[in-house]
J.: 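The structure that follows is given in the form of structure tokens.
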Amino acid sequence: LSTFIVGDAHGHLEKIERHLANARLIDEEGHWAGAQNHVWFIGDFCDRGPDGAGVIRLARQLETEAEAVGGRARSIVGNHEPMMLAVARFQKGRWAEAFLENWRLNGGRPADLDALTQDDREWISELPALAMEGETMIVHADSTFYLRYGDSIEDINSAVSAVLHSDDPRRWARLMEDFASRREFEETSIGGPERAQSFMNHFGAKRLVHGHTPIRPSTGNPEDVTEPTVYNNETCINVDGGMYRGGPGFVYELSEMP
Ligand SMILES: [Mn+2]
């Protein structure tokens with residue numbers, strides 16, 4: 001049995017369906033065929049690309065179907081979901097305008113919001129921000145901002161979910177701002193590798209998988225990104241294939257822990 005990671009889809013439903021089918025995790029009709037295998041969707045389902053609502057629906061549906069056969073298809077929340085949900089929640093006044101403007105600037109697509117039910121939105125609001133798969137941590141952003149929300153994974157997940165259920169626009173705005181940080185684990189960021197290590201140590205993780213920061217194509221052409229970037233002595237794995245920039249995307253099968 002294996003664990004597979006799906007990077008930032010940004011509405012590119014067809015691409016992720018193709019990769020899931022190639023990995024035999026879904027069948028031709030798009031239903032779960034992954035038996036007891038595990039799949040994680042890394043967040044940023046929506047915005048920038050053609051069918052964010054479709055990606056959210058697929059992730060939800062696979063979660064239920066996998067669960068029923070003892071498999072697992074789960075998701076964590078990215079920063080684009082809060083941007084979209086803020087627009088749905090705050091529809092009047094000065095904050096409404098600010099959230100709408102922010103969402104538009106980040107590729108928000110009103111059609112996605114129109115296509116989602118209240119139930120879909122509630123599902124998103126309940127998503128964890130962090131998860132563990134064995135000793136591997138699954139996070140959306142390559143950032144330590146999560147620690148501002150709590151000490152343990154459980155506390156952080158409840159605190160983030162509490163913001164997504166809150167009627168205080170300032171809390172939403174702060175979450176979106178926090179969530180916009182990136183590249184904190186890279187060598188090019190001063191102390192990056194040490195920061196990544198201490199972040200993992202804090203949670204008892206040996207390895208970390210993230211999305212959020214599109215992989216830099218070695219050829220300069222985003223269409224050539226077909227695999228994750230593994231860095232910091234193989235402890236950090238970036239799975240954001242930049243599908244919205246033209247990347248074909250991929251589904252990454254986690255290797256055994258070295
Ligand atoms: Mn992101």
J.: Go through the steps to decide whether Phe4 and Tyr252 satisfy the test ring pair (Phe, Tyr, Trp, His ring centres under 6.0 Å), and finish with yes or no.
T.: CA-CA 5 Å; Phe4 298 85; Tyr252 177 61; 9.2 Å; no
J.: Evaluate Arg182 against Thr213 for side-chain hydrogen bond (donor to acceptor under 3.5 Å, both in side chains), listing each step before the verdict.
T.: CA-CA 7 Å; Arg182 66 178 75 245; Thr213 300; 3.2 Å; yes
J.: Does CD in Glu194 sit with more than 12 non-hydrogen atoms of other residues, nucleotides or ligands closer than 6.0 Å?
T.: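 It does: Glu194 CD has more than 12 such atoms within range.
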J.: For residues Leu20 and Val6, determine if any side-chain heavy atom of one lies less than 4.5 Å from a side-chain heavy atom of the other.
T.: yes
J.: With distance as the sole criterion, is a donor-acceptor pair present between the side chains of Ser189 and Arg195 under 3.5 Å?
T.: yes
J.: Within a 6.0 Å radius of atom CZ on Arg171, are there more than 12 heavy atoms belonging to other residues, nucleotides or ligands?
T.: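 Yes, enclosed.
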J.: Is there side-chain contact between Ile5 and Phe250, with at least one heavy-atom pair below 4.5 Å?
T.: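 No, every pair of side-chain atoms sits at 4.5 Å or beyond.
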J.: Surrounding CD of Glu126 (heavy atoms of other residues, nucleotides or ligands, distance under 6.0 Å), is the total greater than 12?
T.: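 Count over threshold, so yes.
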J.: Any chance the side chains of Ser158 and Asp155 put a donor and an acceptor closer than 3.5 Å?
T.: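 Note: Ser158 and Asp155 side chains miss the donor-acceptor criterion.
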J.: Would you please say whether a donor-acceptor pair under 3.5 Å links the side chains of Ser152 and Glu154?
T.: no
J.: Using a cut-off of 6.0 Å, state whether more than 12 heavy atoms not belonging to Gln36 lie near its atom CD.
T.: yes
J.: Have Asp47 and His80 got a donor and an acceptor in their side chains that come within less than 3.5 Å?
T.: yes
J.: Hey, are the side chains of Thr235 and Lys206 touching, using non-hydrogen atoms and a 4.5 Å cut-off?
T.: no
J.: Is there a side-chain contact between Thr117 and Asp120 in this structure, where contact means two heavy atoms from C-beta onward sitting under 4.5 Å apart?
T.: yes
J.: Is it the case that the side chains of Tyr149 and Asn157 hold a donor-acceptor pair, with the cut-off being a distance below 3.5 Å and no angle test?
T.: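 Not at all, the side chains of Asn157 and Tyr149 share no donor-acceptor pair under 3.5 Å.
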J.: Just by distance, no angles: are the side chains of Asp51 and His12 close enough, under 3.5 Å, to form a donor-acceptor pair?
T.: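 On atom types as modelled, these side chains do not qualify, holding no pair under 3.5 Å.
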J.: Less than 4.5 Å apart, side chain to side chain, heavy atoms only: is that true for Val239 and Val209?
T.: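 Side chain of Val239 against side chain of Val209, heavy atoms only: contact under 4.5 Å found.
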J.: If you draw a 6.0 Å radius around CD in Glu122, do more than 12 non-hydrogen atoms from other residues or ligands fall strictly inside?
T.: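 Yes, enclosed.
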J.: Would you say Ile190 has more than 12 foreign heavy atoms packed within less than 6.0 Å of its CD1?
T.: no
J.: For residues Arg72 and Glu67, determine if any side-chain heavy atom of one lies less than 4.5 Å from a side-chain heavy atom of the other.
T.: no
J.: Does CG in Asn233 sit with more than 12 non-hydrogen atoms of other residues, nucleotides or ligands closer than 6.0 Å?
T.: no
J.: Is the closest side-chain donor-acceptor distance between His212 and Asp8 under 3.5 Å?
T.: no
J.: Regarding Thr219 and Asp224, is there a side-chain donor-to-acceptor distance under 3.5 Å anywhere?
T.: yes
J.: Going through the checks in order, is the ring pair (Phe, Tyr, Trp, His ring centres under 6.0 Å) test met by His210 and His140?
T.: CA-CA 5 Å; His210 71 81; His140 176 72; 8.8 Å; no
J.: Any side-chain heavy atom of Lys15 sitting closer than 4.5 Å to one from Pro248?
T.: no
J.: Would you please say whether a donor-acceptor pair under 3.5 Å links the side chains of Gln61 and Trp32?
T.: no
J.: Below 4.5 Å, heavy atoms only, C-beta onward: do Arg207 and Leu254 meet side chain to side chain?
T.: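 Answer yes - side chains close enough.
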